[in-house]
Amino acid sequence: MKALAAEGPNATELGRDARSERWMLFGLSLPALLLVGLVVVLPIAWLFLLSFQTEGGAFTLANYQRLIDQPSYRRILAMTFEISLTVTAMCIVLGYALAYLLAQLPRRVAGVLMLGVLMPFWTSILVRTYAWLVLLQRDGLINVIGEHLGFWQKPLALVYNMEGTVVGLVHIMLPFMVLPLYNSMRAIDRDYVRGAANLGAGPIQVFWHVYLPLSRPGLFAGGTITFILCLGSYVTPAVLGGGKIVMAANGIAGDVELYFSWGPASAFGVVLLVITLTILFTASRFARLDRIFGGGA
Amino acid sequence: MTPSPTDARPQQKGLPIRVRQVSKTYGRAVALDQVDLDVQSGEFLTLLGPSGSGKTTLLMVLAGFVRPNQGSLHFGERDVLRLAPHKRGVGMVFQSYALFPHLTVAENIAFPLKLRRVPRPEAMRRVEAVLDLVQLPDFGGRGVDALSGGQRQRVALARAIVFEPGILLMDEPLSALDKQLRERMQIELRALHDRLGITTVCVTHDQREALTMSNRIAVIDRGSIIQLGTPKEIYDRPSTRFVADFIGESTFLPVTGSGGTFRLGAQALKLEGYTPPPGANLLMLRPERLALLPEGAPGPDPRYNVITGRVTDIVYQGESVLVQIRLDDGGTVAARVSSARAALGAVPVPGASARLAFAPEDMNLLCGEAG
Ligand SMILES: Nc1ncnc2c1ncn2[C@@H]1O[C@H](COP(=O)(O)OP(=O)(O)OP(=O)(O)O)[C@@H](O)[C@H]1O
Ligand SMILES: [Mg+2]
């Protein structure tokens, strides 16, 4: 190989150019690599270490043992998944409809409306969550209007429970669903839809056989992001859950406050991380298999 | 013309299409202007016209994707004007092919069959038969992304005919292909059409393609059909200067006269057997229909018109040589000499005098603006 390469005109020089170019690319990406290492990898490694240590620093599995022994952890995990799944499902239903509407509109109009969808990003999660509190509480706007119009007599319990938490989370997560969905819908050539209709597919069949499969990458991306962000939510369940809704992040915070030690909290964090990564991995495998086998038919 | 053994389908007749007074405007822009068109059963008709002339719009009206402002539309006896696209039962090959990327070749082709609830074994048999027909056997399992442009075109065609529509529409089906493949596909499309007998409407802005493939050509400009006829009629007897310009090469010379006699300069044209349209004021000559007479040769058949001039320029064009001649009576014409004849010394040098001959069937008189 080398002997062959050295034979042609300028082969050596060109080879050197290629190598120096590679080094330059590496050099350019070095800051980013360092940053990721510092900000992402190190803390996780530290978390991992802590979860296997006693306070004195000796190796122990006690932190994990406690996760198994105490049923409260399992309850927290179950609740976290229940809420995350519910929120993701609702985001899919609402987000798909919204993204579809936006994708049908002229680009300029859609752009303006998209600003509206993204507006929540401009305010902090805390502010938005308290805004929901104002709307949903016993003498909040919704109860006042509902009673005034005679829909219900006694104030409904709209907040400090699962329902309130889900509403707040759906509101926060919706943009993460709509953005990737909108993008993948915009990428669907109108000819695909027309082609399907021409071949005899009515509107529902066009949607089911062509539009939905072609928008699936966006659905998948949005669903995954939403679900994983939900798993880690802290503020919304804390405020709108009224202490009754304890999700994983709240549980971890509680542990730290309760035990004044990082060990149990770290173990719980590691478990959550592993579960999340497993989901991501499985999901991405599914997405790829999907492409290979050309699903949707 | 004979059905092949692989083609087990009943030989079926295409449906005639009747378009009446169809208009479509986009705001102030007129895309179609009172179009009348009859496509006969089993005919291959090409819509030919410059960019923006309304070809795609007309095709989309036929397919049901564009709703016209007025008019009527029938496929056979059936009034389809207000029918939704998926109920029209026409096959269509899109310019982009519109093959579904999430389905394999076989699934793409089976798509219309599945919608029509054709039983699976029967559907698979028909998919295979049609893949044979477009000469892509064993491609069924491939992904659409793994096909070349020409193969995609064939798959799109296969998908459009597998459910045996009475009408096939194609919007510039070959424009994405390179020249060689395009020319081969033109021949293949034509052969396939002859075999299946589907009424076919094809859009193109490539005059060569239109001449090669069609039974008849509709030349369309600014939303109106200017001329409708066989390739030979369109080429030999264009009805307007626009058509003459658009199809083939031509030069125009002003003529005067009326009532049967027309003069080019002082010379009366011999018209034997040809009746020009009334009020014609332009003589149209095609370079390849002008015979350059050798120096000192005897005059041609007395039926021929002979004009004289002086050679100003000679352009070598590969298969032929184009000779520019300034006429003694004013005006310039171009004459084409095949390379074979040029090699035998049939081309005079620039500055030499030249004589050109053309019969009445080689010329054409039209109304139009001079220049
Ligand atoms: N959706 C639309 N909105 C506004 N104007 C349109 C629309 N579709 C077509 N037009 C206009 O109608 C006219 C005819 O368009 P059409 O697409 O039928 O042309 P075409 O003959 O197919 O041209 P090409 O050879 O470039 O494809 C054009 O002037 C075009 O600008
Ligand atoms: Mg077009």
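Since we're looking at a predicted model, the values are computed, not measured. Quick note on labels: first sequence line is chain A, next is B, and so on, each numbered from 1.
At a threshold of 4.0 Å, the pair Arg154(B)-Glu188(B) counts as salt-bridged, since one of the basic side-chain nitrogens sits closer than that to a carboxylate oxygen. A salt bridge links Asp38(B) with Arg20(B): at least one charged nitrogen is closer than 4.0 Å to a carboxylate oxygen.
For the pair Asp171(B) (side chain) and Phe94(B) (backbone), a donor-acceptor distance under 3.5 Å is absent. Within the 3.5 Å criterion, the main-chain N or O of Met177(A) finds no donor-acceptor partner in the side chain of Tyr96(A).
The greatest number of non-hydrogen atom pairs below 4.5 Å with chain A, out of Pro101(B), Gly64(B), Gly89(B), is found for Pro101(B). For the set Val193(A), Asn198(A), Leu214(A), the count of heavy-atom pairs under 4.5 angstrom toward chain B peaks at Asn198(A). With chain A as partner, the option from Leu99(B), Leu115(B), Leu113(B) having the largest number of non-hydrogen pairs under 4.5 angstrom is Leu115(B).
Interface residue Phe65(B): backbone and side-chain heavy atoms are both found under 4.5 Å from chain A. In this structure, the portions of Arg159(B) lying under 4.5 Å from any heavy atom of chain A include both its backbone and its side chain.
Ring-centre distance between Phe227(A) and Phe176(A): not below the 6.0 Å cut-off.
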